[in-house]
Asks: 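Following this message is one structure expressed as structure tokens.
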2 protein chains.
Amino acid sequence: MASTPAERPKPLSPDEEALVRALGQVMHVLPRAIDGDMISDRQLPLTEYTALMNLSEAPDRRMRMHELAALCHLSLSGMTRTIIRLETQGLVKRERCEQDARGWNAVLTDAGFARLEESWPSHLAAVRRRFLQHFEGFDLAQLARAFRGAGTAN
Amino acid sequence: MASTPAERPKPLSPDEEALVRALGQVMHVLPRAIDGDMISDRQLPLTEYTALMNLSEAPDRRMRMHELAALCHLSLSGMTRTIIRLETQGLVKRERCEQDARGWNAVLTDAGFARLEESWPSHLAAVRRRFLQHFEGFDLAQLARAFRGAGTAN
DNA sequence: AGCCGATCCTTGCTTGGTCAAGCAAATGAC
DNA sequence: GTCATTTGCTTGACCAAGCAAGGATCGGCT
């Protein structure tokens with residue numbers, strides 16, 4: 001890709017162009033909007049909500065840092081800092097991993113679970129209103145496959 | 001939205017859930033991937049490319065800051081700093097607006113236009129390969145409308 | 001003319017992310 | 001057993017970007 005000579009490739013069609021621009025807008029607006037909803041509604045930023053949610057679905061409500069980071073689409077260091085923030089709020093605690101003393105488990109506390117229970121309806125409503133609602137009539141499974149493809153491209 | 005009582009709303013269907021997760025992944029991966037392509041290929045970060053591109057399409061290759069910021073999906077302060085970066089590279093210059101002495105125009109220089117000319121094929125290829133390719137067979141116009149709706153939701 | 005509120009942009013501060021370096025434990029070779 | 005390498009996570013430095021406050025200018029109103 002880096003080495004193609006200066007041939008003039010065919011430009012985007014108007015539909016392609018429009019789609020790319022619209023995607024750019026969505027990628028910019030959507031996370032901020034949902035984050036804003038969560039904050040004004042429950043004082044829980046989207047990143048922290050996502051961490052709590054993924055933990056709650058893990059066996060024994062605990063997970064290794066790198067695993068959680070991957071699920072939250074966060075770098076390992078970003079995950080560390082997020083967990084620290086949650087820890088100071090008492091929503092999560094950290095325990096050394098028994099099988100591997102280098103490793104840590106992030107563990108959802110009861111307070112964290114309660115916080116999640118009180119927050120997920122807001123998140124759900126925001127996701128529906130800001131996103132899903134606009135895709136009624138689409139084949140959602142097909143769409144999801146396409147997105148996953150784009151997200152995994154070499 | 002903030003004041004709904006603690007009724008338990010209906011959870012997402014599996015398809016909806018999958019779509020939301022896939023979107024989350026795309027929003028995280030895609031901009032970084034294209035930015036990475038642009039940097040390794042042309043040493044031009046995506047944000048700066050976008051600014052140059054929008055300027056090149058403006059009449060007289062110049063635009064007011066707030067207008068450019070909106071097109072680039074950037075805050076005004078973010079735009080200021082991006083333009084400063086581009087200015088130090090000689091790709092853009094700033095001129096006071098004649099009609100309104102508060103305002104500034106960002107103006108694409110010849111060097112900036114040349115930089116854009118040499119860079120857009122890389123951007124185009126990245127967008128096709130990382131994104132559009134995965135949506136062959138979709139009704140792109142319909143999809144773009146849905147995205148725009150989501151990006152504009154109240 | 002002179003003031004007031006609105007507008008345009010910049011600057012300071014803070015947050016949050018990445019990358020690279022560091023530390024500690026585990027693993028494997030000898 | 002001990003040394004070298006790898007792995008798991010944390011920390012520090014840096015950078016992009018947002019918000020809020022500020023300086024300058026405009027435009028309307030008296």
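Side chains are part of it too, since the values below use all heavy atoms of this structure and drop only hydrogens, waters and symmetry mates. By convention in this document, chain letters (A, B, ...) are assigned in the order of the sequence lines, proteins followed by strands, and residues within each chain are numbered from 1.
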Asks: Can you work out whether Glu48(A) or Trp104(B) has the more 5'-proximal nearest nucleotide on DNA chain C?
Replies: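 Taking each residue's closest nucleotide, the earlier one in sequence belongs to Trp104(B).
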Asks: If we check side chain to side chain contact (heavy atoms under 4.5 Å, CB included) with Leu74(A), which of these qualifies: Thr50(A), Leu68(A), Thr82(A), Thr80(A)?
Replies: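 For Leu74(A), the side chain to side chain contact (heavy atoms under 4.5 Å, CB included) check succeeds only for Thr82(A).
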Asks: If you restrict it to nitrogen or oxygen atoms, what contacts under 3.5 Å exist between nucleotides 3-7 of chain D and the protein, and what is each distance?
Replies:
from	atom 1	to	atom 2	distance (Å)
dT7(D)	O4'	Arg102(A)	NH1	3.3
dT7(D)	O2	Arg102(A)	NH1	2.7

Asks: Applying a 4.0 Å non-hydrogen cut-off, can you work out what Arg94(A) is touching in the nucleic acid: base, sugar-phosphate, or nothing?
Replies: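 Arg94(A): backbone/sugar contact only, no base atoms under 4.0 Å.
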Asks: Set out, in order, the CA-CA distance, both residues' side-chain angles and the distance that settles side-chain contact (heavy atoms from CB on, under 4.5 Å) for Met63(A) and Leu71(A), then state yes or no.
Replies: CA-CA 11 Å; Met63(A) 214 183 296; Leu71(A) 287 175; 3.8 Å; yes
Asks: So if I take residues 68-90 of chain B and measure heavy-atom distances to DNA chain C, which residues fall below 4.0 Å?
Replies: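 The stretch gives Leu76(B), Ser77(B), Thr80(B), Arg81(B) as the residues lying under 4.0 Å from the strand, ordered by number.
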Asks: Taking the six-membered ring for Trp, are the ring centroids of Phe131(B) and Phe147(A) within less than 6.0 Å of each other?
Replies: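 For Phe131(B) and Phe147(A), the ring centres are not under 6.0 Å apart.
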Asks: Expressed as a whole number of angstroms, how long is the span from Glu98(A):CD to dG8(D):C1'?
Replies: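 It is 17 Å, rounded to the nearest whole Å.
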Asks: Is there a salt bridge (charged side-chain N to carboxylate O under 4.0 Å, His left out) between Arg42(A) and Asp37(A) once you walk through the steps?
Replies: CA-CA 8 Å; Arg42(A) 294 291 184 252; Asp37(A) 289 346; over 6 Å; no
Asks: Given dA16(D), is OP1 or OP2 found less than 4.0 Å from the side-chain N or O atoms of Thr47(B)?
Replies: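 Thr47(B) to dA16(D) OP1/OP2: no side-chain N or O under 4.0 Å.
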Asks: CH2 of Trp104(B) to SG of Cys97(B): how many Å apart, nearest 0.5 Å?
Replies: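 Trp104(B) CH2 to Cys97(B) SG: 11.0 Å, rounded to 0.5 Å.
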Asks: On DNA chain C, does the nearest nucleotide to Pro45(A) precede the nearest nucleotide to Arg96(A) from the 5' side, or the other way round? Give the residue.
Replies: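 The residue whose closest nucleotide sits nearer the 5' end is Pro45(A).
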Asks: Can you tell me how far CG of Leu116(A) sits from CG of Leu108(A), rounded to the nearest 0.5 angstrom?
Replies: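 Answer rounded to 0.5 Å: 7.0 Å.
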Asks: Just how far is it from atom CG of Leu91(A) to atom OG1 of Thr109(A), taken to the nearest 0.5 Å?
Replies: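 Between atom CG of Leu91(A) and atom OG1 of Thr109(A) there are 5.5 Å.
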Asks: Using atom CE of Met65(A) as one end and atom P of dT11(D) as the other, report the distance to the nearest whole Å.
Replies: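 The answer, rounded to whole Å, is 10 Å.
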Asks: Quick check for you: to the nearest 0.5 Å, what is the distance between Leu23(A) atom CG and His28(A) atom NE2?
Replies: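 Nearest 0.5 Å value for the CG-NE2 distance: 13.0 Å.
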Asks: What's the separation between atom OG in Ser119(B) and atom CG in Leu124(B), rounded to the nearest 0.5 Å?
Replies: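 Answer rounded to 0.5 Å: 12.5 Å.
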Asks: At a heavy-atom distance below 4.0 Å, which nucleotide of DNA chain C is the first touched by chain B, and which is the last?
Replies: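 First and last nucleotides in contact are dA6(C) to dT18(C).
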Asks: Taking atom CD of Glu98(B) as the centre, does the number of heavy atoms from other residues, nucleotides or ligands within less than 6.0 Å exceed 12?
Replies: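 12 or below, so no.
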Asks: With rounding to the nearest 0.5 Å, note down the distance linking CG in Leu52(A) to CZ in Arg115(A).
Replies: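 It comes to 8.0 Å.
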